[in-house]
Amino acid sequence: QVQLVESGGGLVQPGGSLRLSCAASGFTFSSYPMSWFRQAPGKERELVARIGSTGDSRNYADSVKGRFTISRDNAKRLVYLQMTGLKAEDTAVYYCYTARGAWGRGTQVTVSS
């Protein structure tokens, strides 16, 4: 059974940082690209960042380039999203997604003073 479990969300002030983690199980993690998406209230879910199966290719939404970094540890079956310079518009539920075809339940990130 494919399972993705996100953690690391929370409340942070503008300009602050958070690191999200996604723990994967139930599939050959190292064979699949992984992505982070987010969905703000009243908005569609959007792709934030994607990383190739070996970590050698990374893509980011224009809105987060230079502030967010996606990485993965294939030995630990983890994918990370390091977020810095957070803005109020980054407030959303952040979801982990595997190209294997499964979503996590999400973790809430709220950026507010």
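Numbers here are sequence positions counted from 1. Quantities reported herein were computed from a predicted structural model and do not represent experimental measurements.
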A.B. asks: Are the side chains of Thr69 and Arg58 in touch, meaning some heavy atoms are under 4.5 Å apart?
C.D. replies: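 Yes, side chains in contact.
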A.B. asks: Any idea which heavy atoms bring Thr54 and Asn74 closest together, and the distance?
C.D. replies: CA-ND2, 4.4 Å
A.B. asks: Can you give me the closest heavy-atom contact between Ala24 and Leu4, atom names plus distance?
C.D. replies: CB-CD2, 3.6 Å
A.B. asks: So do Glu6 and Leu81 actually touch side chain to side chain, heavy atoms under 4.5 Å?
C.D. replies: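 Of all side-chain heavy-atom pairs linking Glu6 with Leu81, none is under 4.5 Å.
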A.B. asks: When you measure from the side chain of Arg45 to the backbone N and O of Phe37, does any donor-acceptor pair fall under 3.5 Å?
C.D. replies: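 It does not hold such a pair.
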A.B. asks: When rounded to the nearest 0.5 angstrom, what distance separates CD1 in Ile51 from CG in Asp56?
C.D. replies: 8.5 Å
A.B. asks: Assess Arg72 against Tyr80: is NZ or CZ under 6.0 Å from the centre of the six-membered ring, and within 45 degrees of the ring's axis?
C.D. replies: no
A.B. asks: Where do Ser31 and Ser53 land on the side-chain contact (heavy atoms from CB on, under 4.5 Å) test, with the steps shown first?
C.D. replies: CA-CA 5 Å; Ser31 294; Ser53 59; 5.7 Å; no
A.B. asks: Is Val79 linked to Val2 within one hydrophobic cluster, defined over Ile, Leu, Val, Met, Phe, Trp and Tyr using a side-chain heavy-atom separation of less than 4.5 Å?
C.D. replies: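 Both belong to a single hydrophobic cluster.
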A.B. asks: Is there side-chain contact between Gln82 and Ser17, with at least one heavy-atom pair below 4.5 Å?
C.D. replies: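 Yes; the side chains approach each other to less than 4.5 Å.
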A.B. asks: Compare every heavy atom of Ala40 with every heavy atom of Ala92, then report the nearest pair and how far apart it is.
C.D. replies: CB-N, 3.8 Å
A.B. asks: Checking Tyr32 side chain against Gly52 main chain: does a donor-acceptor pair fall under 3.5 Å?
C.D. replies: no
A.B. asks: Looking at every heavy atom in both Arg50 and Ser35, which two are closest together, and how far apart are they?
C.D. replies: CG-OG, 3.4 Å
A.B. asks: So, Arg77 side chain and Ser30 main chain: donor-acceptor pair closer than 3.5 Å or not?
C.D. replies: no
A.B. asks: Is it true that a side-chain atom of Gln39 and a backbone atom of Val93 form a donor plus acceptor pair closer than 3.5 Å?
C.D. replies: no
A.B. asks: Give every residue pair that meets the side chain to side chain donor-acceptor pair (under 3.5 Å) criterion with at least one member in residues 103-113, sequence neighbours excluded.
C.D. replies: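 Listed by first then second residue: Gln108-Thr110.
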A.B. asks: Would you give the length of the straight line joining atom OG of Ser57 to atom CG of Asn59, rounded to the nearest 0.5 angstrom?
C.D. replies: 6.0 Å
A.B. asks: For Phe68 and Tyr94, take the angle between the two ring planes, folded into 0 to 90°, and tell me which bin it lands in: parallel under 30, tilted 30 to 60, perpendicular over 60.
C.D. replies: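 Ring orientation of Phe68 relative to Tyr94: tilted.
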A.B. asks: Are Val111 and Met83 connected in the hydrophobic side-chain network, where two residues link if heavy atoms are under 4.5 Å apart?
C.D. replies: yes
A.B. asks: Do Arg100's NZ or CZ and the ring of Phe29 fall within the cation-pi criteria of under 6.0 Å and 45°?
C.D. replies: no
A.B. asks: Atom SG in Cys22, atom CE in Met34: separation rounded to 0.5 Å?
C.D. replies: 4.5 Å
A.B. asks: Is any side-chain heavy atom of Leu20 closer than 4.5 Å to a side-chain heavy atom of Trp36?
C.D. replies: yes
A.B. asks: Under the side-chain contact (heavy atoms from CB on, under 4.5 Å) test against Arg38, which residue among Thr91, Val64, Val109 passes?
C.D. replies: Val64
A.B. asks: Taking 4.0 angstrom as the limit, do Lys87 and Asp90 come out as a salt bridge?
C.D. replies: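 Not counted as a salt bridge, because no side-chain N and carboxylate O are separated by less than 4.0 Å.
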A.B. asks: Under 6.0 Å from the CD atom of Glu44, do we count more than 12 heavy atoms belonging to anything else shown?
C.D. replies: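 Not more than 12 within 6.0 Å, no.
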